[in-house]
Student: 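Got a structure here, written out as structure tokens. Questions coming.
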Amino acid sequence: MDTESNHSGYSHHSRGRQQRERRHDGQKSVNVTVGQPLLGEDSGRGEEDEEGQDDRWGETTTAVTSERSASFEDLAPVGTSRIPDTVKPNTWIMIGFYLSCALGLFAILTPPAFIVLPQVFWGSQLEPCGVVCEGLYISLAFKLLLLFLASWAVFLRPPRCDLPRLVEFHALLIVLLFFFLSSYWLFYGVRVLGPQEKNLLGVVEYAVSLVDALIFIHYLALILLELRQLQPFFYLKVMRSSDGEMRFYSLGTLSIQRAAMFVLENYYKDFPVFRPDPPVVRKRTRHNNHPQVYSVDGPNSSTVSQSQTLISTSTNYKERYYEEAEHARKVRRRKARLVMSVHDAFSQLKRLVQQDEEWKLPNTLHPREAAQSIFPLIAQSLQRYLRSTQQAHLHSMEGIIQHLTLCLTHRMSPQAFLEQYLHPGPPVQYPSNPYGVWTLVSEESVTSPLRSDLTFCLQCSDTQLLVTVCGIPFLKLSETFISPNSHRLIVSSKPETNL
């Protein structure tokens, strides 16, 4: 259905909704009127026409030009936003993760196996150990339970990154655990299974010693992988080459590849999303009329060329100044139009809900249907504002409707809806800005530890991060003692004298 104005359009929506509820098929379809292609489509007008429309937006605020009418089922696929699937780890990474888990599980099951095997092979021939073995059984069970819970909490994590080289401490701990278990099994096979040891107490104590050694290995892994990097020794200066945006981070002793992963994890939540400078669509010509420069030495003098160069440079920076001022004015104008249109749409929806409550209608609009009904009132102004601020590639029509539905569901204010578009956030906020594959460029080996005055780069398809490592300087704090008596004030009073 076509709407002639925002106020009349809302009454049409209300009547159309009641007619749709009486349909026998029960299907819901919301028709909207658009005056311009939505996000992701190219408009048929140029920037010049849009500037003229923006200059007269106050006169046409209540009018919505109807060029075509379509349903949201037809328009949604144009700009549908779907959260991109994260890059899955390759097969070798998952194989290494599962092998590490299998090795850890084998290490926890080894002590019970040491105790069970002699009882299976020589059950009646074993020497009973009485209360001592039973106490060791309880101690062994609780130690294994605590070791299992600690390993699950610290190490049982799926891989979140694909590093170019192995993490040296991970590999060291896995090799250490493998040789440790191999040596224990070798000793067990030679001294217990071979001669058929009948002393059960010695076997139980041997299994308890293995559990104690595993606890110490877990403690070593906790220090090397978690605690060693907590004390800061360096600070990183991260600069994005496209716009010069910088952030600073403090970091402990890590390898270059792990420091690069730390930088990327913070980049997606700390850096603002990159928005290129707006293209120059038109230039002012009133400043292009250069004054004539004459030289008394003749037309071939070098003074004339130098003067022309200075005038050209002066004119260029003036043109840039006026272009930036004009673009800022256009952004402010479109922002004001967007804010007013959103507030008007929310106000009309609020009045519609109040009318439904007064008329005691049994069925009310679903938040999704309400968002679809007021979206045409803000689509044109929102599209123009996003294009002028270089954010059109970050938002799609479906994403905007979902955000609007969320705001209406939780009864949020119009300013809460606008905050996402007026103040752009970090890259992790935008599903249409997927994570790319980064390349680490370093003059040194990526497994080398960080050192002062080290520089490396992180490159993606359209982004480059330059990371400079600087050591935290040695800080010396001195102490100065202030005596409490120095703060005391002595007041001496003299008796009054009669004159």
Student: Quick one, I256 with L454, criterion side-chain contact (heavy atoms from CB on, under 4.5 Å). Give me CA distance, side-chain angles, the key distance, then yes/no.
Tutor: CA-CA 9 Å; I256 296 178; L454 177 67; 3.7 Å; yes

Student: Would you say the side-chain atoms of S442 pair up with the backbone N or O of F456, donor to acceptor, closer than 3.5 Å?
Tutor: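 No, the answer is negative, given that no donor and acceptor are paired below the 3.5 Å cut-off.
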
Student: Decide yes or no on side-chain contact (heavy atoms from CB on, under 4.5 Å) for S373 and E369, but give the supporting numbers first.
Tutor: CA-CA 6 Å; S373 64; E369 296 179 355; over 6 Å; no

Student: So, does S448 use its side chain to make a donor-acceptor pair with the main chain of S445 at under 3.5 Å?
Tutor: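 Side chain of S448 to backbone of S445: a pair is present.
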
Student: About how many Å separate CH2 of W438 and CG of L264, when rounded to the nearest 0.5 Å?
Tutor: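 Answer for the CG-CH2 pair, L264 versus W438, is 5.5 Å.
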
Student: Side chains of Q391 and T389: any donor to acceptor distance under 3.5 Å?
Tutor: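 Judged by distance alone, the side chains do pair up.
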
Student: Any salt bridge linking R320 with E323? Criterion: basic side-chain nitrogen under 4.0 Å from a carboxylate oxygen.
Tutor: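 Salt bridge flag = no for E323 with R320.
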
Student: Can you label the angle between the H403 ring and the F417 ring as parallel, tilted or perpendicular, going by 30° and 60°?
Tutor: parallel

Student: Quick one: pull up OG1 in T405 and NE2 in H366 and give me the separation to the nearest 0.5 Å.
Tutor: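 Answer rounded to 0.5 Å: 8.5 Å.
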
Student: Measuring from atom CG of L408 to atom CD of Q372, what distance do you get when rounded to the nearest 0.5 angstrom?
Tutor: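 If we round to the nearest 0.5 Å, L408:CG and Q372:CD are 11.0 Å apart.
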
Student: Can a side-chain donor-acceptor contact be found between Y385 and R337 if the only test is distance below 3.5 angstrom?
Tutor: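 No.
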
Student: To the nearest 0.5 Å, tell me how far E419 CD sits from M412 CE.
Tutor: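 Rounded to the nearest 0.5 Å, the CD-CE separation comes out at 9.5 Å.
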
Student: Mind running salt bridge (Lys or Arg N to Asp or Glu O under 4.0 Å) on E226 and R157 for me, showing each step along the way?
Tutor: CA-CA 13 Å; E226 301 294 335; R157 303 172 183 174; 3.6 Å; yes

Student: Would H170 and L225 satisfy side-chain contact (heavy atoms from CB on, under 4.5 Å), going step by step from the backbone distance to the final call?
Tutor: CA-CA 8 Å; H170 283 180; L225 299 179; 3.1 Å; yes

Student: Report yes if the side chains of Q229 and L251 come closer than 4.5 Å at any heavy-atom pair, otherwise no.
Tutor: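 No, every pair of side-chain atoms sits at 4.5 Å or beyond.
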
Student: In Å and rounded to the nearest 0.5 Å, what is the CD1 to CG distance from I400 to L382?
Tutor: 4.5 Å

Student: Do S255 and V167 pass the side-chain contact (heavy atoms from CB on, under 4.5 Å) test, and can you show the C-alpha distance, the side-chain angles, and the key distance before you say yes or no?
Tutor: CA-CA 8 Å; S255 61; V167 180; 5.9 Å; no

Student: Can you measure from CG (L386) to CG (L394) and round to the nearest 0.5 angstrom?
Tutor: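 The distance works out to 8.5 Å.
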
